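As the structure is a prediction and not an experimental result, all values here were calculated from the model. We use all heavy atoms of the structure for the numbers below, so side chains are in, but hydrogens, waters and symmetry mates are not.
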Amino acid sequence: MKFQTLIAALALTIGASAFAQAPTDPTATPRIDQREVNQQKRIDQGVASGQLTPKEAAGLENREAKIANDEAAAKADGKVTTAERVKLKREQNRASRAIYRQKHDGQKVAPAAPTDPTATPRIDQREVNQQKRIDQGVASGQLTPKEAARLENREAKIANDEAAAKADGKVTGAERRKLQREENRASAAIKRQKHDGQKVAPVAAK
């Protein structure tokens, strides 16, 4: 009995030691990611209720894309430092206040009328805009063929996820927010790749 008790105690000690030493991802930002989700919900709700005009919503989306870009830049070296986390939290605090301010500034539009439950006009427009940005980067030489290919693959992944979301006849709020998050990160990646100093000769006009 004593032997069994000793074995059990030893197993608990080893398990506790392994748990204590389990490495964590130094680039993980769960609280920042959750706030991104929450703030996207608030923007979507403001659009649906008419509290946010299209111009206001676009401005707020640009803020969220900027935060996503800064988050990606912070993770690029394999570690998000305390200073970088503080900076991202400060940006999100400002974005949160901007969302509240825009939703309560008295500017309103008619609430969005019920439409096709699979319609994703804002996401579709962002896909068009981001494709234009990639094409412009290729034409100007700001994007190398390899960079452009990676960005195109990212856009294809978003299109695939959008198609999957529509497959059951309805794109839910959660699915819309996921797609917006993907678009924000893709937008940040396009900006980062276009300004990373890697260049090729501009594509000659045909």
Side-chain angles (χ1 to χ4, degrees), residues 25-40 43-44 54-55 57-95 98-99 120-165 171 175-206:
D25 179 1
T27 66
T29 52
R31 294 174 66 189
I32 291 166
D33 295 340
Q34 187 56 53
R35 286 196 74 184
E36 285 178 0
V37 172
N38 295 344
Q39 293 188 178
Q40 190 63 58
I43 294 170
D44 291 344
K55 186 176 180 179
L60 294 171
E61 292 284 8
N62 286 340
R63 261 186 191 264
E64 293 300 312
K66 168 70 165 56
I67 296 170
N69 184 50
D70 290 346
E71 183 182 359
K75 292 182 177 185
D77 63 356
K79 180 183 179 183
V80 182
T81 66
T82 299
E84 288 169 332
R85 291 174 192 277
V86 169
K87 178 177 181 287
L88 289 167
K89 182 178 178 182
R90 199 160 54 236
E91 286 186 86
Q92 288 193 317
N93 287 343
R94 289 170 181 159
I99 293 169
T120 52
R122 292 171 65 199
I123 292 165
D124 295 341
Q125 187 56 55
R126 289 195 73 183
E127 287 175 356
V128 171
N129 294 343
Q130 294 189 174
Q131 188 61 57
K132 285 180 181 177
R133 291 170 61 200
I134 294 171
D135 292 344
Q136 185 277 330
V138 171
S140 68
Q142 288 177 289
L143 292 175
T144 67
K146 187 175 180 180
E147 288 174 332
R150 279 200 303 266
L151 294 171
E152 292 284 8
N153 286 341
R154 199 162 191 158
E155 291 301 313
K157 167 70 164 55
I158 296 171
N160 188 48
D161 290 346
E162 183 181 0
V171 182
E175 288 170 331
R176 291 174 191 277
R177 287 187 290 275
K178 177 178 180 289
L179 289 167
Q180 284 286 4
R181 252 192 335 272
E182 287 186 83
E183 292 279 14
N184 286 344
R185 288 170 180 159
S187 177
I190 293 169
K191 180 179 179 182
R192 190 167 60 251
Q193 298 288 0
K194 288 178 73 175
H195 297 87
D196 65 357
Q198 294 187 60
K199 290 190 176 184
V200 293
V203 175
K206 294 181 179 180

* Structure fact -> Residues passing the side-chain hydrogen bond (donor to acceptor under 3.5 Å, both in side chains) test with Gln92, sequence neighbours excluded, are none
* Does the pair Glu61/Arg122 count as a salt bridge with the N-to-O cut at 4.0 Å? -> yes
* Could you pull out the closest heavy-atom pair between Asp196 and Gln198, with the gap in Å? => OD1-N, 3.0 Å
* Tell me, please, which residues at least two apart from Lys199 pass side-chain hydrogen bond (donor to acceptor under 3.5 Å, both in side chains). => none
* Which atom names give the shortest non-hydrogen contact between Ile158 and Ala186, and what distance separates them? -> CD1-CB, 3.8 Å
* Could you pull out all residues at least two apart from Arg181 that satisfy side-chain contact (heavy atoms from CB on, under 4.5 Å)? => Glu36, Val37, Arg177, Lys178, Arg185
* Find the distance between NZ (Lys89) and OG1 (Thr29) and round it off to the nearest 0.5 Å. => 14.0 Å
* Structure fact -> Looking only at heavy atoms, the pair that brings Gly78 and Pro26 closest together is O-CG, 3.3 Å
* **Test side-chain contact (heavy atoms from CB on, under 4.5 Å) applied to Lys194 - qualifying residues, sequence neighbours left out** => Arg133, Gln136, Gln142, Leu143, Ile190
* Going by the salt bridge (Lys or Arg N to Asp or Glu O under 4.0 Å) test, which pairs reach into residues 142-156, not counting sequence neighbours? -> none
* To do: Look up atom NE2 in His195 and atom CG in Asn69, then write down how far apart they are to the nearest 0.5 Å.
  => 10.0 Å
* Structure fact -> Heavy-atom nearest pair, Thr27 first then Lys79, reads CG2-N, 3.7 Å
* If we ignore angles and hydrogens, is there a donor and acceptor under 3.5 Å between the side chains of Gln180 and Asn184? -> no
* Structure fact -> Minimal heavy-atom distance between Ala68 and Ala188, with the atoms involved, is C-CB, 4.0 Å
* Asked: With a 4.5 Å heavy-atom cut-off, do Glu162 and Asp124 have their side chains touching?
  -> yes
* To do: Could you pull out all residues at least two apart from Gln125 that satisfy side-chain hydrogen bond (donor to acceptor under 3.5 Å, both in side chains)?
  => Asn129
* Given Val80 and Lys87, is the side chain to side chain contact (heavy atoms under 4.5 Å, CB included) satisfied, shown in steps? -> CA-CA 11 Å; Val80 182; Lys87 178 177 181 287; over 6 Å; no
* Asked: How would you list, by chain and number, every residue that makes a side-chain contact (heavy atoms from CB on, under 4.5 Å) with Ala28, sequence neighbours excluded?
  -> Asp25, Pro30
* **Arg176: salt bridge (charged side-chain N to carboxylate O under 4.0 Å, His left out) partners, not counting sequence neighbours** => none
* Structure fact -> Residues at least two apart in sequence or cross-chain that pass side-chain hydrogen bond (donor to acceptor under 3.5 Å, both in side chains) with Lys157, listed by chain then number, are Asp161
* Enclosure of Lys191 NZ (heavy-atom neighbours >12, cutoff 6.0 Å) -> no
* Structure fact -> Closest heavy-atom pair, Val200 versus Pro145, reported as atoms and distance to 0.1 Å, is CG1-CD, 4.2 Å
